[in-house]
Asker: 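Here you go, one structure.
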Amino acid sequence: MKTMPINERNQLNFSGGPGVLPESVLHQVQESIHAVPEVGLSILGISHRSDWFASVVAELRSNIRHLLGLPENYHVLFLQGGATQQFSMVPMSLMAGSARPAEYVHTGYWSGKALPEARLEGPVRVVWSGESSGFSRLPRDEELSLSPDAPYLHYVSNETVEGLQFRRVLGRDDVPRVCDMSSDFLSAPGEFDRFSVIYAHAQKNIGPSGVTVVVLKDEILKDAPTTMPGFLDYRKQIEADSIFNTPPVFAIYVVLLVTRWLRDEIGGLAAMDRINTRKADALYQALDSSDGFYRARVAREDRSKMNVAFTLPSKDLERSFLASAGEAGFSGLGGHRSVGGIRASLYNGLQLSAVERLAGFMEDFRARNRSLRAA
Ligand SMILES: *Cc1c(COP(=O)(O)O)cnc(C)c1O
């Protein structure tokens, strides 16, 4: 069958999410809408009870295990409800029986969204908050006073809205770590076996919306209550092999294609990280060499490689920047509605050449508008 031509007029996608996916994956997805080659049926109409779909789930689980280097005592689940549902499922399962508060690090918009959901389930202690400093930096270790008997520590590895990213694993080894990695999952290697729970929806970095990957250390569930709705009970989901009810077959298949791309075309997470680092360097370099015209939102040492958030000298210039960028073919650059400004998201699927083109556009825009700086 014919595949779509890569249209010269297609926009370059810097969206914060759902994010850009690799071109070669999109070609395979296009073909699969018509018919998955090895099945002869459209991906939109294949039974989740088929042997083929069971093999998709098995291969995806194995690809994620390999990419993350997970030992045998971890489960890998594919759930619905987005990262938001994990804001509740985590405390529902892990707070049980603990009189001590769960500990949360409040570094930005998304870690803040997890707080009220956790408080519905039990006591919560915020061990650090960046709110008073406008979420412009991350905490240093000595600023975190962590208790040895908390049921768990929760944090967000990459704050998607503000553009803050941890370069280290937080917390104590004797307290289970829970991490929302939605916006930097599979972007770089890491010490993933130091976490008890990792969750990441697909739609930022690894697929379309509809599926959330949850990685769980087996022992973490030993005290979980048995009275939860089955859908929200990790144990029931594990028993059902992520097919507790009809799963998002399409989304799971696309994530499988993305993990194959990471493995076979990119060459694994270390290679992915090298590319992501070059992309981020190219853009931060454009900010840093702009003589203060473009200003990064956050402290240099906490800058995210996934989401580059910055401002211009005035709101008017920001509006004009977004309008010209749109005309020039750069899509999705508006900052999150909660903070405004500009945000360029550089997810795995975005090519270095796209970032270089954006950096070139930014230099031109600055040259054209330099005189308006003080306005
Ligand atoms: C986008 C985002 C969320 C929200 O995820 P949903 O799937 O829409 O519930 C949560 N956490 C982080 C870090 C995000 O970037």
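For ligands, and for the atoms within them, numbers begin at 1 and follow the listed sequence.
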Asker: Pick one of side chain, backbone, both or neither for how Tyr199 approaches ligand 1, counting any non-hydrogen atom pair under 4.0 Å.
Answerer: neither
Asker: For atom 8 (O) of ligand 1, what's the nearest protein heavy-atom neighbour? Residue, atom name and distance, please.
Answerer: Gln203 NE2, 3.7 Å
Asker: Starting from atom 15 (O) of ligand 1, what is the nearest protein heavy atom, named by residue and atom, and what distance separates them?
Answerer: Thr160 OG1, 2.4 Å
Asker: Please report the interatomic distance CD(Glu159) to CE(Met306), rounded to the nearest 0.5 Å.
Answerer: 15.0 Å
Asker: Any chance the side chains of Ser147 and Asp149 put a donor and an acceptor closer than 3.5 Å?
Answerer: yes
Asker: How about Phe361 and Phe321: are their ring centroids closer than 6.0 Å?
Answerer: yes
Asker: Answer yes or no: does an N/O atom from Ala83 fall short of 3.5 Å to an N/O atom of ligand 1?
Answerer: yes
Asker: Would you please determine whether Met181 falls within less than 4.0 Å of ligand 1 on a heavy-atom basis?
Answerer: no
Asker: Give the contacting part of Gln85 toward ligand 1: side chain, backbone, both or neither, where contact means a heavy-atom distance below 4.0 Å.
Answerer: neither
Asker: Using a 4.0 Å cutoff against the non-hydrogen atoms of Phe87, which atoms of ligand 1 qualify?
Answerer: 10 (C)
Asker: Side-chain contact, heavy-atom cut-off 4.5 Å: Ile198 with Phe185?
Answerer: yes
Asker: Distance check, rounded to the nearest 0.5 Å: Arg168 atom CZ versus Ser157 atom OG?
Answerer: 12.5 Å
Asker: In terms of relative ring orientation, are Trp110 and Phe87 parallel, tilted or perpendicular, with 30° and 60° separating the classes?
Answerer: tilted
Asker: For atom 2 (C) of ligand 1, what's the nearest protein heavy atom and its distance?
Answerer: Lys204 NZ, 2.6 Å
Asker: Quick one: nearest non-hydrogen protein atom to atom 7 (O) of ligand 1, plus distance?
Answerer: His201 ND1, 2.6 Å
Asker: Please state which option from Thr84, Val161, Asp180 has its nearest heavy atom closest to atom 13 (C) of ligand 1.
Answerer: Asp180
Asker: Find the distance between CD (Gln351) and CG (Leu346) and round it off to the nearest 0.5 Å.
Answerer: 13.0 Å
Asker: Within ligand 1, which atoms have a heavy atom of Val156 less than 4.0 Å away?
Answerer: 13 (C)
Asker: Which atoms from ligand 1 have a heavy atom of Gly82 less than 4.0 Å away?
Answerer: 7 (O), 9 (O)
Asker: Under 3.5 Å, is there a donor-acceptor pair linking the side chains of Ser187 and Lys305?
Answerer: no
